[in-house]
Amino acid sequence: MRNLETTLPSPSELGIWQKCQTRWVFEYGLGWKPREKGIGLVVGAGCSEALSYYYQEEQVEVVGEVAITVYNSYVTKEKEKLPNISDEEWLPAINCGREVLKLYCNTYERRPKNWNILGVQVRLEKPAPMVLDMLVEQVDTEEVVVVEQKTINPFADLEFEILKYQMGWQPICYTVGAAEHLGRPVYKVIMDWLVKGSPAKRVNGRQYKAIAPALERKEITVEPWKQEMWWSTATYENALMRQMREELEYGSAELVMLPKKTESCVFQLGRKTFQCPFYLACSVNMHPEGMTELLVNKREERDEPKSSSSVGEVGAGG
């Protein structure tokens with residue numbers, strides 16, 4: 001776990017804390033994660049791996065093709081770790097990721113004339129843990145810009161996602177981190193959305209047409225007041241996290257006493273319903289350690305020493 005005394009929460013940690021403190025305890029306090037990744041996460045991570053190579057490799061003639069090879073290699077290895085998912089589910093998803101990746105490499109130059117690439121996959125620990133896909137300097141203005149790439153489901157409401165991103169913690173935090181890292185002001189994020197396609201299919205007697213992959217590039221301005229808002233919010237929420245941590249380490253809190261935001265237990269995307277990773281555990285008042293067929297403790301898996309505190313014993317009821 002990060003040092004709460006010296007760093008602030010990452011955008012994802014801050015978002016999860018604000019959605020539900022119980023999930024924060026399980027995921028960031030104790031280290032529990034779903035045992036299996038979803039196919040969408042694997043495809044997104046594969047595209048990220050490939051694009052990291054795409055922007056770093058020096059061999060211009062073949063780099064696009066090799067990026068596809070990097071993607072294929074990544075998703076093949078991940079597929080082997082998830083034997084319970086059938087090829088019928090895997091192959092269309094992998095193919096859709098590959099096609100949108102090809103579209104990206106054929107659309108956006110690897111070395112744009114108006115960009116000086118300052119870094120790719122820039123990992124920062126302060127003021128909060130984060131990984132920036134790219135940092136570039138615009139040649140004409142000498143402005144530093146954070147560039148992020150994100151794959152998205154073709155059925156998602158892209159307009160909604162873009163609108164949400166305007167005020168999201170990720171772009172705001174990333175500009176703050178980049179500015180601290182470089183010692184220069186950073187106020188812009190270029191967001192590249194890789195919209196995956198969907199193959200033609202027949203479901204319950206109804207024929208659905210194929211959807212082609214698409215790209216959407218948006219430039220987002222992060223005004224100074226947003227950066228101040230992030231500092232204020234992240235500092236305040238981090239103080240509450242420290243308070244929660246102390247309560248768990250030195251108090252006698254039970255699972256039912258952990259603050260919950262039950263409206264975050266499930267959400268919908270189109271016609272599909274998705275559950276929080278800990279929905280099944282919370283819905284029967286069970287600690288994640290009682291559902292090891294679904295959840296795994298990543299810290300124990302990495303052989304990190306267990307804390308001597310009573311945090312891991314929270315919520316033994318059920």
Side-chain angles (χ1 to χ4, degrees), residues 11 41-78 94-125 129-152 158 161-162 165-166 168 170-197 212-222:
L41 290 176
V42 172
V43 169
C47 287
S48 179
E49 191 87 2
L51 290 176
S52 173
Y53 185 92
Y54 180 70
Y55 282 109
Q56 291 186 82
E57 178 57 43
E58 296 301 326
Q59 299 179 35
V60 180
E61 310 83 42
V62 298
V63 70
E65 296 176 15
V66 180
I68 302 301
T69 302
V70 170
Y71 170 83
N72 290 338
S73 175
Y74 181 90
V75 295
T76 298
K77 288 179 183 177
E78 291 298 314
I94 291 175
N95 290 338
C96 287
R98 184 185 300 114
E99 290 307 308
V100 75
L101 181 60
K102 286 181 182 177
L103 178 62
Y104 186 97
C105 294
N106 290 332
T107 301
Y108 297 127
E109 292 180 279
R110 188 180 66 87
R111 289 286 184 266
K113 295 181 179 61
N114 63 324
W115 284 1
N116 286 326
I117 297 179
L118 304 177
V120 178
Q121 290 294 298
V122 181
R123 185 174 295 276
L124 305 176
E125 294 302 326
M130 66 189 85
V131 179
L132 312 180
D133 285 347
M134 291 173 61
L135 269 176
V136 305
E137 181 184 58
Q138 294 186 324
V139 175
D140 54 347
T141 63
E142 296 186 348
E143 267 189 302
V144 175
V145 178
V146 179
V147 181
E148 288 292 306
Q149 298 102 14
K150 186 173 185 178
T151 57
I152 190 170
L158 185 57
E161 294 295 329
I162 293 172
Y165 199 77
Q166 295 278 354
Q170 189 179 50
I172 303 173
C173 178
Y174 283 3
T175 60
V176 173
E180 293 273 306
H181 175 64
L182 296 173
R184 297 170 61 181
V186 181
Y187 298 119
K188 286 186 179 177
V189 176
I190 291 176
M191 188 68 194
D192 286 336
W193 301 91
L194 286 74
V195 186
K196 295 177 289 185
L215 303 173
E216 187 77 30
R217 172 168 280 184
K218 292 289 183 182
E219 185 178 279
I220 295 169
T221 299
V222 178

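These numbers come from a predicted model, not from an experiment. Heads up: numbering here begins at 1 and tracks the sequence.
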Hits for side-chain hydrogen bond (donor to acceptor under 3.5 Å, both in side chains) against Asp133, two or more places apart or cross-chain, chain-then-number order -> Gln121
side-chain contact (heavy atoms from CB on, under 4.5 Å) with Glu216: which residues, sequence neighbours excluded? Leu158, Ile162, Trp193, Lys218
Applying ring pair (Phe, Tyr, Trp, His ring centres under 6.0 Å) to Tyr187 and not counting sequence neighbours gives none
Who pairs with Gln170 by side-chain hydrogen bond (donor to acceptor under 3.5 Å, both in side chains), at least two apart in sequence or on another chain? Tyr165, Tyr174
Are the side chains of Arg98 and Asn95 in touch, meaning some heavy atoms are under 4.5 Å apart? yes
Could you tell me which non-hydrogen atom of Gly44 sits nearest to which non-hydrogen atom of Thr151, and how far apart they are? CA-OG1, 3.3 Å
Would a 4.5 Å heavy-atom cut-off, applied to side chains only, mark Val195 and Val100 as touching? no
Shortest non-hydrogen contact from Val146 to Ala178? CG2-CB, 4.0 Å
Under the side-chain contact (heavy atoms from CB on, under 4.5 Å) test, which residues partner Leu124, sequence neighbours left out? Val122, Met130, Leu132, His181
Which atom of Tyr71 lies closest to which atom of Gly97, heavy atoms considered: OH-CA, 3.4 Å
Can you find a heavy atom in the side chain of Leu51 that is under 4.5 Å from one in the side chain of Leu194? yes
Any side-chain heavy atom of Tyr54 within less than 4.5 Å of one from Leu101? no
Test side-chain contact (heavy atoms from CB on, under 4.5 Å) applied to Thr175 and Val189, Thr221, Ile220, the passing residue: Val189
Considering all heavy atoms, the nearest Arg110-Tyr55 contact: O-CD2, 3.3 Å
Taken in chain and number order and not counting sequence neighbours, the residues that satisfy salt bridge (charged side-chain N to carboxylate O under 4.0 Å, His left out) with Glu180 are none
Might you work through the salt bridge (Lys or Arg N to Asp or Glu O under 4.0 Å) test for Glu137 and Arg184, ending with a clear yes or no? CA-CA 11 Å; Glu137 181 184 58; Arg184 297 170 61 181; 3.0 Å; yes
Going by side-chain contact (heavy atoms from CB on, under 4.5 Å), Gln149 matches just one of Met134, Arg217, Met191. Which one? Met134
Which residues pass the side-chain hydrogen bond (donor to acceptor under 3.5 Å, both in side chains) test with Ser52, not counting sequence neighbours? Gln56
Sorted by chain and number, sequence neighbours left out, salt bridge (charged side-chain N to carboxylate O under 4.0 Å, His left out) with Glu148 holds for none
If you look only at distance, which donor and acceptor atoms sit under 3.5 Å apart when one is on a side chain in residues 138-145 and the other is two or more places apart or in another chain?
unit_1	atom_1	unit_2	atom_2	d
Thr141	OG1	Glu143	N	3.2
Glu143	OE1	Lys188	NZ	3.4

Name of the residue among Val147, Asn116, Leu182, Val120 meeting side-chain contact (heavy atoms from CB on, under 4.5 Å) with Leu135: Leu182
Applying side-chain hydrogen bond (donor to acceptor under 3.5 Å, both in side chains), can you list everything that pairs with Gln166, at least two apart in sequence or on another chain? none
Minimum heavy-atom distance Ala50-Ala67, with the two atoms named: CB-O, 3.2 Å
Please enumerate all residues that pass side-chain contact (heavy atoms from CB on, under 4.5 Å) together with Glu99, with sequence neighbours excluded. Lys102, Pro213
Please report the shortest heavy-atom distance between Gly46 and Tyr74, naming the atom on each side. CA-CD2, 3.4 Å
